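Remember, it's a predicted structure, so these values are computed and weren't measured experimentally. Residue numbering restarts at 1 for every chain, and letters A, B, ... go by the order of the sequence lines.
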There are 2 protein chains.
Amino acid sequence: MGRPGKPTGVRQNRTRPAVLGALARGPASGYEIRRRIESSFGHFWQESLGQLYPTLSALSGEGLIRVADEGGHGDRKRVRYAITKAGREALALWLKEAPAPHVERNELLLKVFFANEGKLADALAHLESSLRDAQAQRDILLTLAKEIFPTGEPRETEALLGWLTLDYGLVGLRAHIDWCEGALRRLRARAR
Amino acid sequence: MGRPGKPTGVRQNRTRPAVLGALARGPASGYEIRRRIESSFGHFWQESLGQLYPTLSALSGEGLIRVADEGGHGDRKRVRYAITKAGREALALWLKEAPAPHVERNELLLKVFFANEGKLADALAHLESSLRDAQAQRDILLTLAKEIFPTGEPRETEALLGWLTLDYGLVGLRAHIDWCEGALRRLRARAR
DNA sequence: GGAGGCATGTAACCTGTTACATGATTGC
DNA sequence: GCAATCATGTAACAGGTTACATGCCTCC
């Protein structure tokens with residue numbers, strides 16, 4: 001007759017594996033981890049510093065990471081962490097688990113779906129804006145791809161994995177752009 | 001010199017507009033709203049009952065919806081709500097606002113990106129599983145599309161909006177499936 | 001001297017999920 | 001009689017964002 005609200009189900013903290021993964025590529029401070037995430041897989045993952053710092057403390061307390069270097073260059077305050085053996089094992093364990101099924105919630109589509117309850121022109125504007133954003137984002141990724149992978153598809157496995165995730169972003173944006181254009185074409189006829 | 005943590009920024013509750021939109025199509029109880037969402041735009045939006053019921057109370061308290069019908073068929077407990085004039089206005093206002101930029105966090109990609117830190121076979125398994133899920137989901141949407149829109153692209157605006165959102169799901173799944181197949185093809189060579 | 005980036009950290013708060021609690025009705 | 005579905009609702013909690021607080025360093 002357990003008290004109500006005693007949860008037994010596992011809710012995954014997704015910041016932890018992202019941090020472990022980032023540190024698996026080499027020691028870094030919180031701020032650096034943030035930049036590392038942003039620059040190497042920011043197109044499909046974001047972290048806020050307000051979540052990062054407490055996570056670093058927790059992982060450190062559990063022995064999955066350790067302080068590698070304090071103080072840094074000059075007198076500037078900076079705490080660099082390195083992943084430990086236990087941390088690598090925890091990461092490998094997480095990699096083995098099936099990804100948690102993620103709850104889709106697409107606000108743009110919700111606004112399109114209910115567009116008739118307001119002005120159709122509003123939905124048109126949102127679609128145009130989303131199309132522009134996607135095109136800009138695609139240009140950025142395209143440039144990035146040429147920079148990191150100038151010879152195209154890499155042979156080396158680790159590089160290939162990075163290339164694949166970048167490609168995912170590209171094909172997703174391509175699909176998004178095409179759909180937006182089609183939707184705009186169809187809806188513009190009705191807005192007039 | 002305000003106390004720290006006094007938030008001024010707007011965080012949007014996205015359950016509210018979804019409920020208002022669902023009720024704009026006609027009165028319904030909490031349970032019915034959930035089914036309505038699931039069946040008509042569940043492929044891009046999900047709601048849990050634990051969030052729905054409190055939201056109904058809140059919206060009712062603000063006069064955006066009202067109790068339309070209590071008790072229902074037989075003696076079965078059921079509270080049906082209807083959207084009010086104020087509710088329709090609030091919905092229209094929300095439709096005018098630009099969608100909040102949503103934070104991408106793709107766990108599958110994170111596992112692919114870091115696959116080298118564990119066994120490559122694990123990532124392969126996740127990709128295969130994701131591919132199967134996407135194919136199954138696509139079959140469901142395809143069947144649904146034939147059921148709801150037997151003549152293909154509808155002429156009527158409201159129906160067209162529904163068709164467009166369904167199409168979004170379809171093109172997204174197509175892109176996901178293609179990418180998974182490509183990734184599997186490339187990675188399988190290395191796993192051997 | 002000021003702006004902006006580097007850097008760490010905490011407080012408050014919100015959203016949303018899961019589990020629990022309860023009970024009626026329907027179909028087998 | 002029992003399982004499944006209908007139906008409403010609450011409690012506890014996790015996860016994560018934003019704002020605040022603080023201070024150094026670099027470049028103009």
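At least one side-chain nitrogen or oxygen of B:Arg105 sits closer than 4.0 Å to the OP1 or OP2 atom of D:dG16. Contact between the side-chain N/O atoms of B:Asn13 and the OP1/OP2 oxygens of C:dC14 is not found at any separation under 4.0 Å. A close approach under 4.0 Å does not occur between any side-chain nitrogen or oxygen of A:Thr15 and OP1 or OP2 of D:dG15.
Relative ring orientation between B:Tyr168 and A:Trp179 is described as perpendicular, the plane-to-plane angle rising above 60° on a 0-90° scale split at 30° and 60°. The aromatic rings of A:Phe114 and B:Phe41 sit perpendicular to each other, their planes meeting at more than 60°, with 30° as the lower class boundary.
The hydrophobic cluster containing A:Val67 also contains A:Ile65, counting ILVMFWY residues as joined when their side-chain heavy atoms lie under 4.5 angstrom apart, directly or transitively.
Atom CZ in B:Arg78 sits about 16 Å away from atom C1' in C:dG23, given to the nearest Å. When rounded to the nearest whole Å, the span between CZ of B:Arg14 and P of D:dT17 equals 12 Å. The nearest whole Å value for the distance from the NE2 atom in B:His102 to the P atom in C:dG16 is 13 Å. Whole-Å rounding puts the B:Asp69 CG to D:dT8 P distance at 11 Å.
Annotation: proximity of residues 28-64 of chain A to DNA chain C (heavy atom, distance under 4.0 Å) is found for A:Ser29, A:Gly30, A:Tyr31, A:Arg35, A:Leu49, A:Gly50, A:Tyr53, numbered in ascending order.
A donor-acceptor contact under 3.5 angstrom links the side chains of B:Ser29 and B:Glu32, judged on distance only.
For the atom pair A:Glu156 CD and A:Leu161 CG, the distance stands at 8.5 Å (nearest 0.5 Å).
Between A:Glu117 and B:Arg88, at least one side-chain N (NZ, or NE/NH1/NH2) sits under 4.0 Å from a carboxylate O, which counts as a salt bridge.
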